Protein chains: 2
Amino acid sequence: MNKRSGEVGKDETKDRIMLAAESLFAERGFMSVSLRDITTEASANVAAVNYYFGTKDALIDELIIQGNHPLMKARMQLLDDAEKRYQIGVVPAEVILDAVMRPMLTLLEQQGERREVYCKFMGRCMTERGNNLPVPVMRAAQRLIKRLSRMLADALPDMEPEVLAWRVHFCFGVLGHTLMHDELLREVTKGASGTPDFETTLQRMIDFCKGGLNAGSSANLVSSGSQGTFLF
Amino acid sequence: MNKRSGEVGKDETKDRIMLAAESLFAERGFMSVSLRDITTEASANVAAVNYYFGTKDALIDELIIQGNHPLMKARMQLLDDAEKRYQIGVVPAEVILDAVMRPMLTLLEQQGERREVYCKFMGRCMTERGNNLPVPVMRAAQRLIKRLSRMLADALPDMEPEVLAWRVHFCFGVLGHTLMHDELLREVTKGASGTPDFETTLQRMIDFCKGGLNAGSSANLVSSGSQGTFLF
DNA sequence: GTCTATAAAGAGATAGAC
DNA sequence: GTCTATCTCTTTATAGAC
């Protein structure tokens, strides 16, 4: 209770439960893991989850907050830094995108052997819990998006704000999908996707999103019924 | 059993179950919906699911196959068409991307009032079942990816096949995330994302992915430790 | 094909001894 | 803080009457 957050790993029951729960949720999803699965994996008693967290949902929320808070904080910090560096001019879109994406890598590097767990868990947060995030995470997301929108509107003044909002959304889609489905890619390409490390993958995501963010728009150039003939 | 697939909507128990199940799965996810939820919604008896499908998983698989088969078929058809049209030269990357994305819209338009259900259900398939797809869907995905890879390698001969594989993966990430999380976007942007129709959103996805697919690569230009100073 | 009734297993949660 | 034991509810699945 009065420990600094992030100070995990002491062999205390609560920490063991959180580590076990994070791994199992990452691997199998929130709904397919029972409290018994968790306490068994954590070598704890069934009643322990209830003692420490109250309910299963409260445990999930605590894990999501614990996983997301440092990420949001690091993103905001990088945006602060960027604004300081570009006090004279405008922060370029690429720098803004970098501030969103790169903290994922930085945090990953702090995870040691738990990198894959962290990736998948954060992916689950985005894909399976996107509509049911804990209030503080939701609020943090809103603050981030609001700030991103303002900064990107300055960087890309010719782009409609609505289009911008969707493109940012697409970037998060790339991130979430990538965090979750590396095995799917490996299976579906039968190995042609290689086994790149996280840094390489992150850089590829950034490249892709950068291209997407800056892409030309063909809005209103296409109407329905044109499929198969319209060639961009 | 001896009905043509796609011939739904006759007020038969089996069809009512499939429609109800698709809606509920789309809305709440596969693991959070019980057979009782489904049969209640479908005004059918609890035992009916077992009678018609055997198990809950068999029902899920049948729905996933039913949802994915026409999509895969339409994509392959558009790739066929494109190859015919470009017999002399090479099919441009944009046309290939279009063949992957646009069938989603075409099929959507056939869904009438069930558009949103179809969107979310297909999104769930990609995000929640990506690692556990029915064998025929997995095979179809492999065939599609293999073909895409060959065609895109011709269209973008300077791009490494591995990078290409990941960029295609990113495109599917954009699609899946968008299908699932329109409300999340609305909530997180507090309305700034507007309420575009599906066509507009699809066109925005295509624009974005087109930019991403063609983006310049900064592979090997960045090494770790450079975050915050490297500016693209 | 549709129903009731029920089996068998598993879920989350809690009371109360230690 | 940790344990056993148990409550209560829900789940999937099936047997057997109609």
Side-chain angles (χ1 to χ4, degrees), chain A residues 1-5 7-66 121 124 128-129 132 134, chain B residues 1-5 7-65 124 128-129 132 134:
Chain A
M1 191 77 100
N2 51 5
K3 289 197 325 180
R4 283 210 316 278
S5 76
E7 196 176 332
V8 209
K10 306 189 182 173
D11 193 33
E12 289 168 16
T13 303
K14 186 175 177 181
D15 295 327
R16 289 202 318 277
I17 288 173
M18 291 187 80
L19 287 168
E22 193 185 32
S23 298
L24 290 169
F25 287 146
E27 201 175 318
R28 283 149 50 189
F30 294 106
M31 300 308 294
S32 306
V33 175
S34 73
L35 295 181
R36 281 171 170 81
D37 292 334
I38 295 168
T39 50
T40 301
E41 174 82 12
S43 305
N45 188 273
V46 218
V49 168
N50 233 264
Y51 175 76
Y52 284 107
F53 302 93
T55 66
K56 182 184 179 180
D57 261 354
L59 165 60
I60 293 175
D61 278 2
E62 192 158 329
L63 286 170
I64 293 179
I65 291 169
Q66 177 199 260
F121 184 84
R124 294 260 182 221
E128 275 182 37
R129 280 270 157 161
N132 192 20
Chain B
M1 189 76 98
N2 50 3
K3 290 197 325 178
R4 283 210 317 276
S5 75
E7 197 176 333
V8 209
K10 307 190 184 172
D11 193 35
E12 289 168 13
T13 303
K14 186 177 177 181
D15 295 325
R16 288 203 318 277
I17 288 172
M18 291 186 79
L19 288 168
E22 193 185 31
S23 298
L24 290 169
F25 287 146
E27 201 176 318
R28 294 197 248 138
F30 294 106
M31 299 309 294
S32 305
V33 174
S34 72
L35 295 182
R36 277 171 169 78
D37 294 333
I38 295 168
T39 49
T40 302
E41 174 81 14
S43 306
N45 189 272
V46 219
V49 169
N50 234 266
Y51 176 76
Y52 284 108
F53 302 93
T55 67
K56 182 184 179 180
D57 261 355
L59 166 60
I60 293 174
D61 278 3
E62 193 158 327
L63 285 170
I64 294 180
I65 292 170
R124 295 262 181 217
E128 274 182 38
R129 280 271 158 160
N132 192 20

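Below, read A as the first sequence line, B as the second, and so on, with proteins coming before strands; counting in each chain starts at 1. Keep in mind that this is a model prediction, so the values were computed, not measured. Atoms considered below: every heavy atom in the structure, side chains included; atoms not considered: hydrogens, waters and symmetry mates.
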Distance in angstrom units between [X] [atom1] and [N] [atom2], rounded:
| X | N | atom1 | atom2 | value |
| --- | --- | --- | --- | --- |
| A/M31 | D/dT11 | CE | C1' | 12 Å |
| B/N45 | D/dA13 | CG | P | 15 Å |
| B/K56 | D/dA13 | NZ | P | 9 Å |
| A/N50 | D/dA5 | CG | P | 18 Å |

Nearest 0.5 Å, please: how far is [atom2] in [Y] from [atom1] in [X]?
| X | Y | atom1 | atom2 | result |
| --- | --- | --- | --- | --- |
| A/E41 | A/I38 | CD | CD1 | 10.0 Å |
| A/N50 | A/L35 | CG | CG | 7.5 Å |
| B/I60 | B/E22 | CD1 | CD | 12.5 Å |
| B/I17 | B/Y52 | CD1 | OH | 7.0 Å |

Study note, to complete from the structure: Comparing nearest nucleotides in DNA chain D, the 5'-proximal residue of the pair A/A48, A/R36 is A/A48
Review point. So where does chain A start and stop touching DNA chain C, 5' to 3', when the test is distance under 4.0 Å to a non-hydrogen atom?
Key: C/dA11 to C/dT14
Check your understanding: How is B/F53 classified with respect to the nucleic acid when contacts are heavy atoms under 4.0 Å: base, sugar-phosphate, or nothing?
Key -> nothing
Exercise for review: Have a look at B/Y51 and say if it touches a base, only the backbone sugar-phosphate, or nothing, with a 4.0 Å heavy-atom cut-off.
Suggested key: base
Exercise for review: Examine distances only and state if a side-chain atom of B/R124 and a backbone atom of B/F30 form a donor-acceptor pair shorter than 3.5 Å.
Suggested key: no
Review point. So, B/D61 side chain and B/A58 main chain: donor-acceptor pair closer than 3.5 Å or not?
Key: no
Check your understanding: More 5' along DNA chain C: A/A47 or A/D37, using each one's nearest nucleotide?
Key -> A/D37
Check your understanding: Under 4.0 Å: is that the gap between some side-chain N or O of B/S34 and OP1 or OP2 of D/dT11?
Key -> yes
